[in-house]
Each structure stands twice: as C-alpha cells, then as structure tokens.
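For the numbers below, each heavy atom of this structure counts, side chains included, while hydrogens, waters and symmetry mates do not. Convention: sequence-line order gives letters A, B, ...; per-chain numbering from 1.
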Number of protein chains: 2
Amino acid sequence: MTKNKVNISFRIWFYTGNEKFLGKGRVELLERIDKTGSISSAAKGMKMSYRQAWQMVNEMNERASEIVVEKSLGGKGGGGATITKAGEKAIQQFHEFEKKVAQFIADESKNLNF
Amino acid sequence: MTKNKVNISFRIWFYTGNEKFLGKGRVELLERIDKTGSISSAAKGMKMSYRQAWQMVNEMNERASEIVVEKSLGGKGGGGATITKAGEKAIQQFHEFEKKVAQFIADESKNLNF
DNA sequence: TATCGCTATTCATTTAAAAACATAATGAAA
DNA sequence: TTTCATTATGTTTTTAAATGAATAGCGATA
C-alpha cells in the first residue's frame with residue numbers, strides 16, 4: 001500500500017454581488033492591456049479573440065464600482081486602453097489574495113496522503 | 001464612489017502527481033454511487049452521461065494508490081459499484097479541506113472592497 | 001439455462017463556447 | 001479632408017466536450 005503525495009490546485013474568483021468580476025485570466029488580460037496600451041494587442045498576446053477580450057473588459061467595467069479600463073476611441077493611433085487606479089488596485093488585491101490562499105493551502109496540505 | 005462588497009468563490013482539486021484526481025463534481029459522483037449502489041443510477045441523478053461517469057470512476061481508480069470504487073460485473077442485479085474505505089476517506093478529506101479553505105477565505109475577505 | 005440490470009466500449013450526434021470574419025464608427029494629426 | 005489603428009458590434013464558422021444511442025459481456029439466482 002504505497003501512499004501517494006497529494007497536490008492541491010485551486011482557483012479563486014472575485015465577485016461583485018453574484019456576478020463574476022475577476023479571475024486569473026482577466027487579471028492577465030488587464031496586465032497585458034497595461035503593458036501594451038490596447039485591448040487588441042493584449043488579446044493578440046494571449047490565445048484570445050479581440051471580441052472576447054473586449055467583452056471581458058466591458059463586463060469588468062460594468063461590474064466594478066469604478067471602471068478598471070479607460071478606453072479611448074479614434075485619434076492618432078486609432079485609440080487605445082489604459083488601466084485605471086481602480087484597475088491597478090484590483091490586480092494587486094487579486095494577486096495578494098491568491099498568494100495568501102496558496103500559502104494556506106501549501107501549509108495545510110503538507111501531510112495529505114492516500 | 002460607492003464601494004461594492006467583493007465575494008470570493010473558489011475551487012480546489014486534488015492531484016496525484018500532476019494528474020487530476022478529485023474535484024467537487026467527482027466527489028458528488030462518488031457520494032451518489034455510495035447512496036445508489038451503481039454508477040449508472042448515480043450518473044442519472046446528476047446531469048451526466050453514464051459514459052462520462054464510468055470514465056471518471058476509472059480515472060480515479062487508476063490515479064489513487066488504492067481504488068476508490070469497487071465495481072462488480074453481472075450477477076443478481078446486473079452488477080453494481082460501491083465505495084471503498086479509501087474512497088470514503090478521500091471524500092471526507094476533500095470536504096474537510098474545502099471547509100478549511102472556505103473558512104480561511106471568508107476570514108481574509110471580510111474587508112475587501114472596490 | 002433464461003433472465004435481468006448493470007458494467008464496458010464504440011461510434012454518431014448534439015451542443016455550447018470560442019474563434020474567425022466582416023464591417024462600421026471614431027477622432028487626432030498630418 | 002484623408003489616413004490610420006483602434007474600439008465597437010453583428011454574423012458565421014470552428015472546435016472541443018459531452019451526450020446519446022447501440023451493442024456486447026457478465027454472472028448470481030430463479
């Protein structure tokens with residue numbers, strides 16, 4: 001009867017009310033928007049269609065009390081998108097929370113076997 | 001600037017090595033097998049095809065060091081399936097772990113706003 | 001030895017989510 | 001006033017996952 005070590009994986013999501021607001025994927029999207037300055041190039045960088053990326057951004061903006069992405073239309077480069085202070089805070093809080101949970105799970109799972 | 005309360009949802013998965021072994025859905029499947037005595041009626045009770053249920057059971061048995069479901073073929077009622085001691089333990093440990101994580105997250109998320 | 005309901009397995013079909021495609025609309029700047 | 005890359009939005013196509021259907025095998029028991 002060999003015992004196997006059990007590893008635990010997890011995911012967390014932030015909700016506002018009962019609507020999904022932020023998860024790992026959306027955080028990555030926000031970070032890429034921050035880095036590239038546009039939804040379209042952020043989407044290109046992940047395996048994601050522009051349409052979906054745009055929709056995600058829109059949902060997040062609708063569901064947060066302050067928008068997380070400021071979008072601009074037309075102009076020099078056609079427009080673009082930037083992360084707001086509220087967006088930066090959301091990203092940071094998500095990472096922090098995820099880290100805490102990871103630490104907790106790592107501690108608690110040390111002696112879990114089958 | 002109204003702040004919204006943020007709720008956090010999560011899911012955890014048990015892995016043996018780097019293969020998924022157990023998650024919320026599979027735990028429910030095991031519990032239904034336990035209650036009904038067969039994979040087929042357990043599957044019927046959830047929104048799940050017998051095929052998938054059978055495959056899940058098979059995967060779990062392959063990936064655990066001891067099988068979690070004992071299957072019997074033919075005989076009086078055509079056969080059936082029962083949960084082993086190892087299976088019961090797995091279910092119990094999953095629930096316990098999930099509960100601990102839920103408590104941790106509830107505590108940590110008390111003052112999270114946007 | 002016939003029956004019965006289950007396990008076991010293959011193959012076709014359905015479905016839902018995402019991608020891909022197409023096309024306006026925008027507005028600063030040259 | 002033309003250009004440009006982007007946002008914005010509707011429509012079609014692809015893809016992946018699950019379901020559904022069909023069939024064989026099993027074996028205790030009546």
Response to the item:
In short, T16(A) meets R63(A) closest at the heavy-atom pair OG1-O, 3.2 Å
Worksheet, complete the sentence: In terms of heavy-atom contacts, F94(A) and F14(A) come closest through CA-CZ, 3.6 Å
Fill in: N58(A) and K71(A): side chain donor to acceptor below 3.5 Å
yes
Discussion item. Donor-acceptor check, side chain of S72(A) to backbone of G79(A), threshold 3.5 angstrom: yes or no?
Written reply: no
Which atom pairs, donor and acceptor, lie under 3.5 Å between side-chain atoms of residues 21-30 of chain B and protein residues at least two apart or in another chain?
| residue | atom | partner | partner atom | Å |
| --- | --- | --- | --- | --- |
| R26(B) | NH1 | E59(B) | OE1 | 3.4 |
| R26(B) | NH2 | E59(B) | OE1 | 2.9 |
| E28(B) | OE2 | R32(B) | NE | 2.9 |
| E28(B) | OE2 | R32(B) | NH2 | 3.1 |

Practice prompt. Could you identify which residues of residues 36-45 of chain A place a heavy atom less than 4.0 Å from some atom of DNA chain C, listed by residue number, or say none?
Written response: none
Practice prompt. Take F10(A) and F10(B) through the ring-ring contact (aromatic ring centres under 6.0 Å, His included) test and state the conclusion after the steps.
Written response: CA-CA 7 Å; F10(A) 72 95; F10(B) 72 95; 8.9 Å; no
Look for any protein N or O under 3.5 Å of an N or O in nucleotides 12-17 of chain D and output each such pair with its distance, or none.
none

Worksheet item: Is any side-chain heavy atom of V68(B) closer than 4.5 Å to a side-chain heavy atom of I83(B)?
Response: no
Discussion item. For a 4.5 angstrom cut-off between non-hydrogen side-chain atoms, does V69(A) reach T84(A)?
Written reply: no
Worksheet item: Atom CE of M48(A) to atom P of dA17(C): distance rounded to whole Å?
Response: 16 Å
Worksheet item: Given atom CE of M56(B) and atom C1' of dT19(D), what is their separation to the nearest angstrom?
Response: 13 Å
Item to complete: Please name all residues satisfying side-chain hydrogen bond (donor to acceptor under 3.5 Å, both in side chains) with Q92(A), sequence neighbours left out, ordered by chain then number.
Response: E96(A)
Worksheet, complete the sentence: I33(B) atom CD1 is separated from dC6(C) atom C1', nearest whole Å, by 13 Å
Worksheet entry | Shared hydrophobic cluster, M56(A) / L73(A) (ILVMFWY, side-chain heavy atoms < 4.5 Å) | no
Practice prompt. In sequence, state the C-alpha distance, the side-chain angles, and the governing distance for E31(B) and H95(B), and then conclude on side-chain contact (heavy atoms from CB on, under 4.5 Å).
Written response: CA-CA 12 Å; E31(B) 287 170 336; H95(B) 281 313; 2.6 Å; yes
Worksheet item: Which value, rounded to the nearest 0.5 Å, describes the distance between I8(B) atom CD1 and Y15(A) atom OH?
Response: 11.5 Å
Discussion item. More than 12 heavy atoms of other residues, nucleotides or ligands under 6.0 Å from CG of D107(B): yes or no?
Written reply: yes
Discussion item. What residues from residues 71-80 of chain A pass a heavy-atom cutoff of under 4.0 Å to DNA chain C?
Written reply: L73(A), G74(A), G75(A), K76(A)
Worksheet entry | B/S/- contact track for nucleotides 9-14 of chain C, protein heavy atom under 4.0 Å | SBB---
